[in-house]
S.K.: 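Quick one: the structure is below, and I'll ask about it shortly.
All chains are named by letter (A, B, ...) in the order of the sequence lines, taking the proteins before the strands, and each is independently numbered beginning at 1.
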2 protein chains.
Amino acid sequence: MATIYDIAEHLGLSPSTVSRALSGRGYCKEETRRKILQAASELDYAPDHSAKMLKTGVSSKILFAVPDICNPFYFDMIQGINSVLEPSGYLLILVDTKNSLTEELRAIQLLREKYADGMIMVSFHFCEENIEAINRLNAPVVLTNKYESASGQDRFNYVYVDTHAGIREATEHFISQGLKRIAYVGGPASEQTGYERYCGYRDALLESGLSEPENYVQEGDFTENSGYMAGTRLLSDSSELPEAIVAANDLMAMGILRACEQKGLSVPKDIALSGMDNLSICERISPKLTSVELCAEEIGGRAAELLLKQMKNDPSRIANVRLQPRLVVRESSRSSVLNV
Amino acid sequence: MATIYDIAEHLGLSPSTVSRALSGRGYCKEETRRKILQAASELDYAPDHSAKMLKTGVSSKILFAVPDICNPFYFDMIQGINSVLEPSGYLLILVDTKNSLTEELRAIQLLREKYADGMIMVSFHFCEENIEAINRLNAPVVLTNKYESASGQDRFNYVYVDTHAGIREATEHFISQGLKRIAYVGGPASEQTGYERYCGYRDALLESGLSEPENYVQEGDFTENSGYMAGTRLLSDSSELPEAIVAANDLMAMGILRACEQKGLSVPKDIALSGMDNLSICERISPKLTSVELCAEEIGGRAAELLLKQMKNDPSRIANVRLQPRLVVRESSRSSVLNV
DNA sequence: TTGAAAGCGCTAACAT
DNA sequence: ATGTTAGCGCTTTCAA
């Protein structure tokens, strides 16, 4: 592949003139410029991205790190991210951290090595170790969880959806229907994301004076299959069936649905069900799934906007973004008996 | 950020020794090595990826270009691609070409500028212009359509699913049920992908001596919404309703389903329906959608394998891959009346 | 308006 | 086992 030196030599010019002509920065006579453009095309010239990067320190790429590449939620986020970043000339590098701290640290390391100019990171569990690594970074990072270190000196921003409120709303939705035996299938309670959502469920019960029945809280890992298994456990004791199940995300709700089908239980007639994420699939499955909308696309878009601002070193104080969830009630939680 | 020079100076060594110690290539006394590693960590050293790239010519990234980032089919492909590429240390850059030739050429240009070491490209319509651009490339490319230039000197490989056979099988499935008025909703017939699939429908009809009723072939663009509109057109003349509709992909089939619902028509009782891609959602919607399985994940995996081979310059003759589709019959095409 | 030259951070051939 | 040096391809300051 030809370089600017080849072009320069070909025309008896200097590389710097060629560089100026090609980049459009700096003086260059129109005629010279024309000749250079022509020679570039003749010699099949293409600028070398790595050389440019080395010199300018700009990679024009951003990293998007997700805990589970199989979850459609993140693809909705990608739409939002891409719609903001692509017009600004950024490319998206997709990294699957497999919900592993080691892999998250690896993604952070990629940023240290300047694979990208910035990163949007989704994690179920930000902890001292990865937060510290992020704070040490020079490159901007946007998270999708609320997180504030004790020091208050965090070097990242976040776009945050109040999932606690979302799960609480879903739980209250069942309570207001007069349902009492409300079960919950969450993510790992040991992780931030899982714990927050669980608290939404617990607080809703507490506030209405309901008790949290034993064995009514099951843990999954946000995958469809873990939802199926948790659902199966919940339904195993047919003498104590829950009247409703709140799931911490749609994928698990779908697994629970499958478990219900298998046990011959009808949703919502026998058991009411709600999910969270409001994936487009909620609208299409049968019964249509009641879900807490988190606006994946908007999260992605807002995160990308924050990142852009940080990368441009926008002086305007960058605020974290808090989004409110919204319960979308569909068939799976409208008991025909109760007719709510 | 510290460089190997900083480390070298810090220890009174030369940069090359540091480089050798860090990369593990070339001689280095164990003790020196230890000291270097320690200094690297103290100085918070991280290798600069662009410098490495410039020197070695290797980017450790591959491009995945898709015509529509909203189609879940490609996310299934990503699973397959990532599962193969990630263990080999490659990162994935996602590019949305929006089914536009210009954008496709842009993706190709990215490769010329060495943004990545190779590319997997999905396009509905390979034509002389983009194929030529690909052939001019030095970097390896794998396509997901069958394509052979007249010259026979193509510099790419492809993973190919015989969609013609797939659509034909779906059409025959309806014919074998005794259905006669079979409509088709395809992609743009002016594009390779759309035309191939249409021919599968046409040939199935021809072979069984059925005529292709007027206005029974509608065009969409593979999105859900275009399917809805095509479906609406097909169902507008209630005196001539089709008995079955073959859709060229699942997203459009889903749109058609929506159109049927809106017209108060039941699937499969009033109209049978089939899609293509066999997205996981087919299993979950109601009625469960009959679909031609294309094995997105396998396509991705095989494409990634071919690409790896080409990048390693594997001497073993690289063969193109042809995958056979498989019709998965579900509720949407099992007419309860016919009881097939 | 153009050119010369240095340098971005790394690797690797060669010399010591 | 370690050091010297050149160079990957580009940008940019400074000089002409």
S.K.: To the nearest angstrom, how far is B:Leu22 atom CG from C:dA12 atom C1'?
M.R.: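 Taking CG of B:Leu22 and C1' of C:dA12, I get 15 Å after rounding.
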S.K.: When you measure from the side-chain N and O atoms of B:Ser19 to the phosphate of C:dT11, is any distance below 4.0 Å, counting only OP1 and OP2?
M.R.: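 Yes, within the criterion.
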S.K.: Is it true that a side-chain atom of B:Thr97 and a backbone atom of B:Val66 form a donor plus acceptor pair closer than 3.5 Å?
M.R.: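 Indeed, once roles are kept as given, a pair shorter than 3.5 Å links the two residues.
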S.K.: Any donor and acceptor pair, going by atom type alone, linking the side chain of A:Gln79 with main-chain N or O of A:Phe75 inside 3.5 Å?
M.R.: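 Yes; at least one donor-acceptor contact below 3.5 Å.
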S.K.: C:dC8 C1' sits how many Å from A:Lys114 NZ, rounded?
M.R.: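 That distance rounds to 9 Å.
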S.K.: Roughly, in whole Å, what's the span from CD in A:Glu9 to P in D:dG9?
M.R.: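 Value for this atom pair: 13 Å.
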S.K.: Once you round it to whole Å, what is the distance between C1' of C:dC8 and CG of B:Asp6?
M.R.: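 Result: 13 Å.
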S.K.: Once you round it to whole Å, what is the distance between C1' of D:dT4 and CD1 of B:Ile4?
M.R.: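 That distance rounds to 13 Å.
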S.K.: Given atom CZ of B:Arg25 and atom C1' of C:dT11, what is their separation to the nearest angstrom?
M.R.: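 In whole Å, C:dT11 C1' lies 8 Å from B:Arg25 CZ.
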S.K.: Rounded to the Å, how far apart are A:Met53 CE and C:dC10 C1'?
M.R.: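 Roughly 13 Å, once rounded to whole Å.
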S.K.: Apply side-chain contact (heavy atoms from CB on, under 4.5 Å) to the pair A:Ile134 and A:Arg155, showing each step before the final yes or no.
M.R.: CA-CA 8 Å; A:Ile134 289 172; A:Arg155 310 204 50 246; over 6 Å; no
S.K.: Work out which heavy atom in A:Thr223 is nearest to a heavy atom in A:Asp68; give both atom names and the distance.
M.R.: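 In this case the closest contact between A:Thr223 and A:Asp68 is CG2-OD2, 4.1 Å.
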S.K.: Scan nucleotides 1-3 of chain C against the protein and return all N/O pairs shorter than 3.5 Å with their distances rounded to 0.1 Å.
M.R.:
unit_1 : atom_1 : unit_2  : atom_2 : d
C:dT2  : OP1    : A:Thr32 : OG1    : 2.6
C:dT2  : OP2    : A:Lys29 : N      : 2.7
C:dG3  : OP2    : A:Ser14 : N      : 2.9
C:dG3  : OP2    : A:Ser14 : OG     : 3.3
C:dG3  : OP2    : A:Thr17 : OG1    : 2.7
C:dG3  : N7     : A:Ser16 : OG     : 3.4
C:dG3  : N7     : A:Arg20 : NH2    : 2.7
C:dG3  : O6     : A:Arg20 : NH2    : 3.2

S.K.: Can you confirm whether the side chains of A:Ser16 and A:Ser19 place a donor and an acceptor under 3.5 Å from each other?
M.R.: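 Not at all, the side chains of A:Ser16 and A:Ser19 share no donor-acceptor pair under 3.5 Å.
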S.K.: Between C1' on D:dT2 and CZ on B:Arg34, what's the gap in Å once rounded to a whole number?
M.R.: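 The answer, rounded to whole Å, is 17 Å.
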S.K.: Each nucleotide N or O in nucleotides 6-8 of chain D that has a protein N or O under 3.5 Å away: list the pair and distance.
M.R.:
unit_1 : atom_1 : unit_2  : atom_2 : d
D:dG7  : N2     : B:Lys55 : NZ     : 3.0

S.K.: Heavy-atom count check: over 12 atoms from other residues, nucleotides or ligands less than 6.0 Å from A:Glu129 CD?
M.R.: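 Counting other residues, nucleotides and ligands, CD of A:Glu129 stays at 12 neighbours or fewer.
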S.K.: Mark yes or no: B:Lys146 above the aromatic ring of B:Tyr158, with NZ or CZ under 6.0 Å from the six-membered ring centre and no more than 45 degrees from the axis.
M.R.: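 No; the conditions do not both hold, so B:Lys146 does not lie above the ring face of B:Tyr158.
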S.K.: If we ignore angles and hydrogens, is there a donor and acceptor under 3.5 Å between the side chains of A:Asp154 and A:Asn135?
M.R.: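 Yes, because at least one side-chain N or O of A:Asp154 sits under 3.5 Å from a partner of the opposite role on A:Asn135.
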S.K.: What residues form a salt bridge (charged side-chain N to carboxylate O under 4.0 Å, His left out) with A:Glu298, not counting sequence neighbours?
M.R.: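 A:Glu298: salt bridge (charged side-chain N to carboxylate O under 4.0 Å, His left out) contacts with A:Arg302.
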